[in-house]
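Quick notes on the structure that follows.
What you see is a predicted model; the values in this text were computed from it and never measured. Just follow the structure's listing: the first ligand is 1, and inside any ligand the first atom is 1. Side chains included, hydrogens not; waters and symmetry mates left out as well; all remaining heavy atoms used. In what follows, residues are counted from 1 in the order of the sequence shown.
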Amino acid sequence: MTEKWVQGEVVSIKHWTDSLYSIKINAPEIKFTAGQYTRVSLDIDNEEVARPYSFVNSPEEPFLEIYSVSVPNGPLSTSLQKLSKGDSIKVYRNANGFLVLNEVPIVENIWMLATGTGIGPYLSILKTPNSWKRFKRVILVHAVRYEKELTYQDTIKELKKKYGERFIYITFVSREKSENSLSGRIPESIKNGTLEERAQIKLLPENTHIMLCGNPDMLKDTTIELKELGLKKHRRSSPGHITTENYW
Ligand SMILES: Cc1cc2nc3c(=O)[nH]c(=O)nc-3n(C[C@H](O)[C@H](O)[C@H](O)COP(=O)(O)OP(=O)(O)OC[C@H]3O[C@@H](n4cnc5c(N)ncnc54)[C@H](O)[C@@H]3O)c2cc1C
Ligand SMILES: NC(=O)c1ccc[n+]([C@@H]2O[C@H](COP(=O)([O-])OP(=O)(O)OC[C@H]3O[C@@H](n4cnc5c(N)ncnc54)[C@H](OP(=O)(O)O)[C@@H]3O)[C@@H](O)[C@H]2O)c1
């Protein structure tokens, strides 16, 4: 029988800020679809501690990559932050999750809305060239507390270079002034129209699908505002416009 857990090795760890970091892992046996997550596990004080993390890499890239924030007193995220090149890390073999494009209807505009580390699965999807065949435009929205948390700028620049006006990248910074970002939160900006204004695209039920990922309160509050615009949750049994992934 195949083992459920694969023994991986840390290839590199990048510290973006005091709390945000990305880890590249060598575990070539792991297969997944862009947008999915799996569990990773460490032995902490003789106890296996496992949590789900989304993949940031596209399935074609050689190493797995996860993007994490160290949560104060969070057992796994604070331990992952201390890893270095060569350390062992277990990865659950079977990936999971519905934040994948083959679960999404083909529409003109796909909106990908994230708070914090919730941007990860969207980068995996957008780095996969086939994803771009399904939509006319992609609007990637990243909401963070501080400007320095607008990470992965190199990836964003590459996408912009490749896809030009088809790729719209909008940022929110909520706890300080930031020149090129919207202020406040995503749900309010849907309500008062500033998000549509910044994108120069309307959120219309007939040509829109929206993915939401990250903070569960953002998902809840955003869904309320989207419903006001006539958009509804997407289910396999009852197609709609909103696909979500709660991070806690
Ligand atoms: C499907 C799924 C995919 C996930 N993918 C990612 C990912 O790609 N990157 C990632 O950083 N986390 C992700 N998470 C959360 C992750 O699994 C852990 O919960 C997180 O890293 C904290 O682990 P912990 O053991 O330190 O603390 P936990 O005991 O797991 O969490 C403690 C508290 O921290 C807060 N918290 C947890 N995760 C986050 C987060 N990402 N951002 C802000 N606050 C948080 C919540 O209030 C939570 O109750 C995902 C969760 C789910 C369910
Ligand atoms: N970010 C940091 O500087 C930092 C540093 C160390 C540790 N941490 C810890 O890391 C964890 C995660 O922090 P995080 O900043 O990545 O994630 P977060 O708390 O989810 O915040 C990310 C973004 O989501 C917004 N948001 C929160 N609730 C929302 C809602 N109901 N609707 C819409 N938007 C909402 C936040 O706005 P608001 O700002 O308005 O809440 C912020 O812009 C926390 O436990 C935190 O204590 C964070």
Side-chain angles (χ1 to χ4, degrees), residues 13-25 32-45 47-57 64-83 89 91-92 94-100 112-125 141-152 170-178 181-192 194-195 210-226 243-248:
I13 176 160
K14 178 179 174 72
H15 296 277
W16 303 94
T17 66
D18 288 349
S19 56
L20 291 168
Y21 56 92
S22 298
I23 304 177
K24 283 193 177 154
I25 302 165
F32 68 100
T33 304
Q36 285 190 316
Y37 63 88
T38 191
R39 280 183 289 153
V40 309
S41 169
L42 290 179
D43 183 333
I44 304 171
D45 299 330
E47 201 189 315
E48 287 293 329
V49 181
R51 298 277 187 272
Y53 291 90
S54 302
F55 296 107
V56 183
N57 60 300
L64 304 177
E65 181 169 346
I66 59 170
Y67 177 41
S68 171
V69 60
S70 83
V71 175
N73 304 316
L76 190 60
S77 62
T78 53
S79 302
L80 288 172
Q81 193 182 25
K82 294 184 198 128
L83 291 176
I89 179 168
V91 184
Y92 195 72
N94 293 334
N96 246 304
F98 292 105
L99 211 66
V100 294
M112 299 177 165
L113 276 48
T115 56
T117 54
I119 192 172
Y122 300 142
L123 298 179
S124 175
I125 292 170
V141 179
H142 193 195
V144 297
R145 295 180 183 184
Y146 303 103
E147 198 175 67
K148 65 180 180 203
E149 294 164 352
L150 296 171
T151 50
Y152 284 101
I170 296 174
T171 55
F172 282 81
V173 172
S174 54
R175 300 198 184 185
E176 64 184 0
K177 275 209 156 44
S178 166
S181 298
L182 293 171
S183 55
R185 290 176 166 190
I186 292 171
E188 286 77 8
S189 78
I190 292 174
K191 190 176 185 148
N192 65 27
T194 48
L195 182 58
I210 305 218
M211 296 170 124
L212 304 175
C213 184
N215 186 320
D217 291 330
M218 181 279 278
L219 270 59
K220 190 162 53 69
D221 295 350
T222 302
T223 302
I224 292 171
E225 297 308 331
L226 292 173
T243 307
T244 58
E245 186 153 278
N246 273 313
Y247 267 9
W248 65 93

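- Protein non-hydrogen atoms do reach within 4.0 Å of atom 44 (N) of ligand 1.
- Nearest heavy atom pair, residue Y21 against residue S77, reads OH-O, 2.6 Å.
- Here atom 42 (N) of ligand 1 lies nearest to W248 when heavy atoms of W248, Y247, Y37 are compared.
- Residues lining ligand 2 at a heavy-atom distance below 4.0 Å are given as S19, V69, S70, V71, P72, T115, A143, V144, R145, Y146, E149, S174, R175, R185, P187, N215, D217, M218, D221, W248, ordered by chain and residue number.
- Closest approach of V173 and E147 over heavy atoms only: CG1-N, 3.7 Å.
- With ligand atoms numbered from 1 in the order given, ligand 1 contributes 7 (C), 8 (O), 9 (N), 10 (C), 11 (O) to contacts under 4.0 Å with heavy atoms of Y67.
- For atom 30 (O) of ligand 1, the nearest non-hydrogen atom from the set E65, R51, Q81, R39 belongs to R51.
- Atoms of ligand 1 found under 4.0 Å from any heavy atom of L76 (numbered from 1 in listed order, with element): 24 (P), 25 (O), 26 (O).
- Residue S68 approaches ligand 1 through these ligand atoms, each under 4.0 Å from one of its heavy atoms: 11 (O).
- In terms of protein heavy-atom proximity, atom 50 (C) of ligand 1 is closest to P52 O, 3.2 Å.
- The shortest N or O to N or O distance between T78 and ligand 1 is not under 3.5 Å.
- One finds the CG atom of L80 at 4.5 Å from the CD1 atom of I23 (value rounded to the nearest 0.5 Å).
- Taking a 4.0 Å cut-off on heavy atoms, N73 fails to register as neighbouring ligand 1.
- Interatomic distance, I13 CD1 to E65 CD, rounded to the nearest 0.5 Å: 11.0 Å.
- When the heavy atoms of T38, T117, I119 are ranked by distance to atom 10 (C) of ligand 1, first place goes to T117.
- With a 4.0 Å heavy-atom cut-off, ligand 1 is reached by the side chain of V71 but not by its N, CA, C or O.
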Inset, instruction - Apply the test side-chain contact (heavy atoms from CB on, under 4.5 Å) to residues F32 and N94: give CA-CA distance (whole Å), side-chain angles for both, the deciding distance (0.1 Å), then the verdict. - result: CA-CA 8 Å; F32 68 100; N94 293 334; over 6 Å; no

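- Atom 8 (O) of ligand 1 has S54 N, 3.0 Å as its closest protein atom, hydrogens excluded (heavy atom only).
- One distance of note links CD1 of I186 with CD1 of I170; it measures 10.0 Å at 0.5 Å rounding.
- Summary of contacts: the protein heavy atom closest to atom 27 (O) of ligand 1 is G74 CA, 3.5 Å.
- At least one heavy atom of P75 sits under 4.0 Å from some atom of ligand 1.
- The contact set between ligand 1 and V69, taken as ligand atoms under 4.0 Å from a residue heavy atom, comprises 11 (O), 40 (C), 41 (N), 42 (N), 43 (C).
- Atom CG of L219 and atom CG of L226 lie 10.0 Å apart (nearest 0.5 Å).
- At a 4.0 Å cut-off, not a single heavy atom of I66 sits close enough to ligand 1 to count as contact.
- The line from CG of N57 to NZ of K24 is 8.5 Å long, rounded to the nearest 0.5 Å.
- Here E225 contributes atom CD and S189 contributes atom OG; the two are 9.0 Å apart, rounded to the nearest 0.5 Å.
- Taking both residues in full, the closest heavy atoms of Q36 and A95 are given as OE1-CB, 3.5 Å, listed atom of the first, atom of the second, then distance.
- Checked against L64 for a side-chain contact (heavy atoms from CB on, under 4.5 Å), the options V40, V56, I25, I89 give a single hit: I25.
- Remark: Y152 engages W16, Y67 in a ring-ring contact (aromatic ring centres under 6.0 Å, His included) (not counting sequence neighbours).
- Within the 4.0 Å heavy-atom criterion, the part of N246 lying near ligand 1 is the backbone and not the side chain.
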Inset, instruction - Could you walk me through whether Q81 and H15 pass side-chain contact (heavy atoms from CB on, under 4.5 Å), step by step? - result: CA-CA 8 Å; Q81 193 182 25; H15 296 277; 4.0 Å; yes

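- Evaluation of the ring-ring contact (aromatic ring centres under 6.0 Å, His included) rule for F172 yields no partner, not counting sequence neighbours.
- For Y247, there are no ring-ring contact (aromatic ring centres under 6.0 Å, His included) partners two or more places apart in sequence or in a different chain.
- Summarising the geometry of P187 relative to T222, their closest heavy-atom pair is CG-OG1, 3.6 Å, with the distance given to 0.1 Å.
- In terms of protein heavy atoms, atom 21 (O) of ligand 1 is closest to Y53 OH, 2.7 Å.
- From the protein, the heavy atom lying nearest to atom 26 (O) of ligand 1 is S77 OG, 2.6 Å.
- Residue-to-ligand polar distances keep E245 apart from ligand 1: every N/O pair is separated by 3.5 Å or more.
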